[in-house]
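Notes for the one structure printed next.
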Amino acid sequence: MTDIIPVLTIDGPSGSGKGTISRLVAQRLGWHYLDSGALYRAVGVAAGWEGIDLDDHAALVRCTFDTRIEFREAGGELRVVVNGVDATDELRTETAGAAASAIAAIPEVRAALKDRQRVFRQPPGLVADGRDMGTVIFPDAAYKVFLTASAEERAERRYKQLMEKGVSVTLSGLLREILARDARDAQRAVAPLRPADDAVRIDTTGLGIDTVVEQVLALLPRH
Ligand SMILES: Nc1ncnc2c1ncn2[C@@H]1O[C@H](COP(=O)(O)OP(=O)(O)OP(=O)(O)O)[C@@H](O)[C@H]1O
Ligand SMILES: Nc1ccn([C@H]2C[C@H](O)[C@@H](COP(=O)(O)O)O2)c(=O)n1
C-alpha cells in the first residue's frame, strides 16, 4: 500500500528553509507533513527535563523509546506535545537544536525513530523534511529535493526570525552555531546530512520563499 502513496522529501542543512517550504508545499498539495527534526528535538527536550546527560547514550536511547510525541493542529499552527506538555516553543530554541543534533548521532536513537517517521506516509501523500528523508527513511520517494543556502544567509534568516520573536542573539554567534551543527550533522557516521543521489538540489541563496515553493512544486507532475 505505502509504495503507491507519493512522498516528497526535502532535506538540507539548518536554516535552508526546509520547514517553511515543506509546510507550504504540503498545504498546496493537500498532503501530510512530517517535521522529522521535531522528533529529535522532542527527545532532546524530554532528556533535558529528566536531567539526562548528553553523553549518557544508554539513558538517551531509553528516553527515545519512552518519549510520547504528538503533533496537533491548532489555529492553523502545528503544535508539538511531548509527554503531554505543549513543548512547541521550547523545541524551536537553539539549545534544543544543538541537543537534537548531538543525540541524532547515536545510531540506536535513529533506529528507534525510524518507524515513527514512516507511519506518516498516509494518503494522499507526504512531504517529509529533515536530513535523511531521501537517503534513509524514504529512499523510494518519488520526489526528492535538497535545499541549501550559504551559511551567512542562513544565519541572517535565523537572526531575523529570532529578533522578531524578541530573542536576543548575535549574528556571529548564530553563524558559529550553524557551522557547528552543519559539521556535526554532515560528519556523523550514521545517516549523515547529504543529498540523495536522485535529489534535485536547489540553492535558495537570494531566492524568496514563494520562488522556492514554485520551484519545488514544478518538480511534481500536476498540482
Ligand atoms: N527562501 C527563503 N528566503 C528567505 N527566508 C527564508 C527562506 N526560506 C526560509 N526562510 C526563513 O528562514 C528561517 C528559517 O527557515 P526554516 O525554519 O524553514 O529552516 P529549516 O531549514 O527548517 O531550519 P531547521 O533545520 O533549523 O529547522 C525562517 O524564518 C523562514 O521564514
Ligand atoms: N531527519 C533528521 C532530522 C533532524 N536531525 C537532527 C539534526 C538536526 O541538527 C536536529 C534538529 O533538526 P531540525 O529541526 O533543525 O531540522 O535534528 C536528524 O539527524 N535527522
Side-chain angles (χ1 to χ4, degrees), residues 9-26 33-45 47 54 60 64 69 78 80 87-88 90-107 109-114 116-118 120 127-139 141 145-165 167 169 174 177-194 196 202-216:
T9 60
I10 303 191
D11 290 305
S14 178
S16 57
K18 303 178 302 292
T20 306
I21 303 303
S22 298
R23 271 189 292 275
L24 291 168
V25 168
Y33 166 56
L34 165 62
D35 174 2
S36 65
L39 298 176
Y40 291 94
R41 285 173 185 260
V43 174
V45 163
L54 288 179
L60 289 169
T64 306
I69 307 163
L78 195 64
V80 189
T88 315
E90 189 172 348
L91 253 55
R92 294 321 310 168
T93 61
E94 294 306 303
T95 309
S101 174
I103 65 161
I106 304 169
V109 167
R110 303 199 73 82
L113 291 176
K114 249 184 196 172
R116 285 167 83 166
Q117 294 171 80
R118 290 186 173 142
F120 281 80
V127 181
D129 108 54
R131 303 291 186 291
D132 62 343
M133 297 296 98
T135 50
V136 176
I137 304 298
F138 303 109
V145 170
F146 193 82
L147 288 188
T148 57
S150 69
E152 289 72 18
E153 176 150 338
R154 290 186 280 128
E156 272 170 32
R157 289 177 186 172
R158 187 70 77 213
Y159 181 75
K160 211 170 140 214
Q161 189 182 33
L162 291 172
M163 292 307 270
E164 277 164 11
K165 282 190 192 165
V167 181
V169 281
L174 282 175
E177 279 170 21
I178 277 186
L179 291 173
R181 191 128 75 93
D182 282 359
R184 200 168 34 221
D185 292 347
Q187 287 165 14
R188 67 178 175 230
V190 189
L193 167 69
R194 70 167 180 85
I202 302 177
D203 183 348
T204 70
T205 312
L207 298 183
I209 291 172
D210 293 347
T211 306
V212 181
V213 167
E214 293 308 327
Q215 288 192 6
V216 172

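Atom set for the values below is all heavy atoms of this structure, side chains included, hydrogens, waters and symmetry mates excluded. Counting convention: from 1, in listed order, for ligands and their atoms alike. This structure is a prediction, so every number in the text was calculated from the model and none was measured.
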Query raised in the report: Between R116 and S36, is any side-chain donor less than 3.5 angstrom from a side-chain acceptor?
Result: no
As an exercise, identify every atom of ligand 1 less than 4.0 angstrom from a heavy atom of [X].
X    : value
R41  : 26 (O), 27 (O)
G19  : 18 (O), 20 (P), 22 (O)
G208 : 1 (N)

Report task. Kindly determine whether R110 and D132 satisfy salt bridge (Lys or Arg N to Asp or Glu O under 4.0 Å), including the steps that lead there. Result -> CA-CA 10 Å; R110 303 199 73 82; D132 62 343; 2.9 Å; yes
**Report entry** Proximal ligand 2 atoms for M133, defined as those under 4.0 Å from one of its heavy atoms
**Finding:** 1 (N)
What do you reckon, does [X] put a non-hydrogen atom under 4.0 Å from ligand 1?
X    : value
G15  : yes
P13  : yes
G97  : no
K165 : no
S16  : yes
E94  : no

Query raised in the report: Heavy atom of R184 under 4.0 Å from ligand 2?
Result: no
Using a plain distance cutoff, I'd like to know if [X] has any nitrogen or oxygen under 3.5 Å from a nitrogen or oxygen of ligand 1.
X    : answer
T204 : no
L207 : yes
K18  : yes
E153 : no

Report summary line: Heavy-atom nearest pair, A38 first then L91, reads O-CD2, 3.9 Å
Mode of [X] contact toward ligand 1 - side chain, backbone, both, neither (heavy atoms, under 4.0 Å):
X    : value
T211 : neither
R181 : side chain
E156 : neither

Can you tell me which residue and heavy atom of the protein come closest to [atom], and the distance to 0.1 Å?
atom                    : value
atom 6 (C) of ligand 2  : A104 CB, 3.7 Å
atom 3 (C) of ligand 2  : S36 OG, 3.4 Å
atom 28 (C) of ligand 1 : Q161 NE2, 3.5 Å
atom 7 (C) of ligand 1  : I209 CG1, 3.4 Å
atom 27 (O) of ligand 1 : R92 NH2, 2.9 Å
atom 1 (N) of ligand 2  : D132 OD1, 2.8 Å
atom 30 (C) of ligand 1 : T20 OG1, 3.5 Å
atom 10 (C) of ligand 2 : A100 CB, 3.6 Å
atom 16 (O) of ligand 2 : R131 NH1, 2.8 Å

Taking [X] for the side chain and [Y] for the main chain, is one N or O donor matched with an acceptor at less than 3.5 Å?
X    : Y    : answer
S101 : G97  : no
T205 : S150 : yes
K18  : G12  : yes
R131 : L193 : no
R118 : F138 : no
S14  : I178 : no

Requested in this report: Pick one of side chain, backbone, both or neither for how E94 approaches ligand 2, counting any non-hydrogen atom pair under 4.0 Å.
Outcome: neither
**Report entry** Winner among R154, R157, R158, K160 once heavy atoms are compared against atom 6 (C) of ligand 1
**Finding:** R157
Query - Option set G17, G130, A100, criterion heavy-atom distance to atom 19 (O) of ligand 1, minimum - result: G17
Tell me whether [X] has any N or O atom under 3.5 angstrom from an N or O of ligand 2.
X    : answer
R181 : yes
D185 : yes
R110 : yes
R41  : yes

Are any non-hydrogen side-chain atoms of [X] and [Y] less than 4.5 angstrom apart?
X    : Y    : answer
E177 : R158 : no
L78  : Y33  : yes
V167 : E94  : no
F146 : I10  : no

Query raised in the report: Are K160 and E156 close enough for a salt bridge, meaning some N to O gap below 4.0 Å?
Result: no
Query - Electrostatic pair D129-R23, nearest N-O below 4.0 angstrom - result: no
**Report entry** Straight-line distance of R157 CZ to L174 CG, nearest 0.5 Å
**Finding:** 13.5 Å
Report task. To the nearest 0.5 Å, tell me how far I103 CD1 sits from L113 CG. Result -> 7.5 Å
**Report entry** Those residues that, when tested against E90, pass salt bridge (charged side-chain N to carboxylate O under 4.0 Å, His left out) (two or more places apart)
**Finding:** none
Report task. Run through T20, D11, I21 and flag the one making a side-chain contact (heavy atoms from CB on, under 4.5 Å) with L147. Result -> I21
